Structures are given as structure tokens and as C-alpha cells.
K.L.:
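I'd like to ask you about the structure that follows.
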Amino acid sequence: MMEKRFIGALVKATGVSAPTIRYYEALGLLKPTRRTRGGFRVYDETAVPMLRFIRHAQRLGFSLKEVRQVLRAWKRTGYPCETVRDIARRKLSQLDALLKRLTALRQRLHTLAQAPESLDSSEPSPYCVCPLVMDTSPLDEPLLPFPPDWDKPRKRKAKPRKKRQTEWEPDWWDN
């Protein structure tokens with residue numbers, strides 16, 4: 001007979017919070033085997049190792065989208081390791097590029113930090129805030145890539161405004 005667990009037991013067994021478990025379910029990473037008449041989620045014994053896998057993969061730098069790719073490969077073929085290797089190779093390439101940019105930035109900042117104080121301008125200039133900065137070449141590209149729409153304001157759902165109570169309206173007026 002398979003062991004059945006409610007979400008509270010998963011929280012205790014894995015340390016993953018209940019809202020996070022529900023979020024993983026919404027993303028399709030974890031599925032309850034059924035729901036009780038009262039709507040409570042019931043999970044089988046595979047939920048604990050699945051949650052541990054998800055968290056472990058995240059700590060290795062896998063996004064939840066990538067975790068989903070691995071789980072789909074596992075469900076489809078039973079052998080997800082090639083998918084894991086492909087993701088790891090892609091991430092390694094991205095990490096190498098980031099390390100290269102970080103090293104270049106570190107060298108520039110080190111040069112700035114070690115610049116002799118004799119280079120400081122004693123007279124402020126309206127044309128140059130700090131010659132140390134302007135004399136140091138910047139990186140060719142931003143350190144971290146921004147999403148294409150990072151500078152566009154995000155639209156938020158308007159919260160319903162509470163009706164303003166005037167002096168002559170009693171509290172029970174809206175009822």
C-alpha cells in the first residue's frame with residue numbers, strides 16, 4: 001500500500017513551505033495523487049524525493065523552467081541525464097562569459113581603487129565629475145543582461161478603491 005501524505009507532512013519532511021509546494025504544483029512540477037472531499041491535496045511517497053530533487057537542482061543553478069524540462073524528459077524516457085548535460089553545458093557557457101566580464105570589471109575597479117591620490121583634482125570641474133572614472137574604459141557590454149523590456153513600466157492591476165465616506169454618510173450607508 002502506498003503511503004499518503006498531506007502537504008503539512010511534506011513541509012516537515014523537506015523544509016519546503018506549503019505555498020512553494022502549491023506553486024510547484026501550479027507549474028506542473030509536482031502533482032497530488034488526489035484531493036480529499038474537503039479539497040486537501042494528498043501526495044504519494046514520490047513527492048518527498050521529487051521536492052528534494054527540485055530544490056537540489058535549483059541550488060545547482062537550474063531554473064524552474066529547466067527543472068520542468070528535466071522532469072518531462074524523465075517522464076517521457078526515464079533517462080533525463082542527457083537533458084541535464086545539455087542544460088549544464090549551456091549554463092557553463094553562460095557562466096564562463098559572465099566570469100570573463102566579471103574579471104574585466106574587477107581589473108578596472110582595482111585600477112580605480114589603487115589610483116594615486118595625486119590624480120585627484122583639487123579644483124571641481126563642471127565638465128568632468130571624476131577624471132578617474134572617465135579615464136577608465138568601461139566594459140563593452142553590460143555586466144548582466146537585462147530582459148528586453150526592463151526599462152518599460154510594468155502595468156499593475158488597479159486595486160479597487162474604497163469608497164470615501166463623507167461626513168454626513170453613516171457607516172452602514174453602503175449596506
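Count residues from 1 along the sequence. Reckoned from all heavy atoms, side chains included, excluding hydrogens, waters and symmetry mates. Being a predicted model, the structure only gives us computed values, none of them experimental.
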K.L.:
Please check if the number of heavy atoms outside D96 that lie under 6.0 Å from its CG is greater than 12.
P.N.:
yes
K.L.:
Step through the shown structure and confirm whether more than 12 heavy atoms of other residues, nucleotides or ligands are within 6.0 Å of CZ on R106.
P.N.:
no
K.L.:
After noting the C-alpha distance and the side-chain angles of Y43 and T33, does the key distance pass the side chain to side chain contact (heavy atoms under 4.5 Å, CB included) rule?
P.N.:
CA-CA 5 Å; Y43 297 90; T33 54; 5.7 Å; no
K.L.:
Output yes when a side-chain donor or acceptor of R68 lies under 3.5 Å from a complementary backbone atom of L27, and no otherwise.
P.N.:
yes
K.L.:
Starting at CZ of R108, measure out to OG1 of T136 and round the result to the nearest 0.5 Å.
P.N.:
8.5 Å
K.L.:
My understanding is that only residues two or more places apart in sequence, or in another chain, count here; which of them pass side-chain hydrogen bond (donor to acceptor under 3.5 Å, both in side chains) with S17?
P.N.:
T20
K.L.:
What pair of heavy atoms forms the shortest contact from M50 to L30, and how long is it?
P.N.:
CG-CD1, 3.8 Å
K.L.:
Should L98 and L92 be counted in the same cluster of Ile, Leu, Val, Met, Phe, Trp and Tyr side chains packed under 4.5 Å apart?
P.N.:
no
K.L.:
Which residue pairs pass the side-chain hydrogen bond (donor to acceptor under 3.5 Å, both in side chains) test with at least one member in residues 54-66, sequence neighbours excluded?
P.N.:
Y24-R55, Y24-Q58, S63-E66, E66-K91
K.L.:
Could you check if a side-chain atom of R85 sits within less than 4.5 angstrom of a side-chain atom of E82, using non-hydrogen atoms only?
P.N.:
yes
K.L.:
Once you round to the nearest 0.5 Å, how far does OG1 of T46 lie from CZ of F53?
P.N.:
13.5 Å
K.L.:
With the side chain counted from C-beta on, respond yes when R41 and E25 share a heavy-atom pair under 4.5 Å apart, and no when they do not.
P.N.:
yes
K.L.:
Evaluate the side-chain proximity of Y23 to L64: yes if any heavy-atom separation is below 4.5 Å, no if none is.
P.N.:
yes
K.L.:
Could you tell me if the side chain of D86 sits less than 4.5 Å from the side chain of R89, heavy atoms only?
P.N.:
yes
K.L.:
So which heavy atom on V11 is nearest to which on A18, and how close?
P.N.:
CG2-N, 3.6 Å
K.L.:
Hey, does the side chain of T14 reach the backbone of L51 with a donor-acceptor pair shorter than 3.5 angstrom?
P.N.:
no
K.L.:
To check you understand the geometry: which heavy-atom pair defines the closest contact between A13 and V48, and what is its length?
P.N.:
CB-CG2, 4.0 Å
K.L.:
How long is the straight-line distance from CD1 of I54 back to CG of L29, given to the nearest 0.5 Å?
P.N.:
4.5 Å
K.L.:
Considering only distance and modelled atom types, tabulate donor-acceptor pairs under 3.5 Å from the side chains of residues 70-78, sequence neighbours left out.
P.N.:
residue : atom : partner : partner atom : Å
T77     : OG1  : A73     : O            : 2.8
T77     : OG1  : Y79     : N            : 3.0
T77     : OG1  : Y79     : O            : 3.4

K.L.:
Rounded to the nearest 0.5 Å, what's the gap from CG on L60 to CD1 on I87? Could you check?
P.N.:
11.5 Å
K.L.:
Would you say that V16 contacts L10 through its side chain, given a criterion of any heavy-atom pair below 4.5 Å between the two side chains?
P.N.:
no
K.L.:
Membership question, hydrophobic clusters at under 4.5 Å side-chain separation (ILVMFWY): are I21 and F6 in the same one?
P.N.:
no
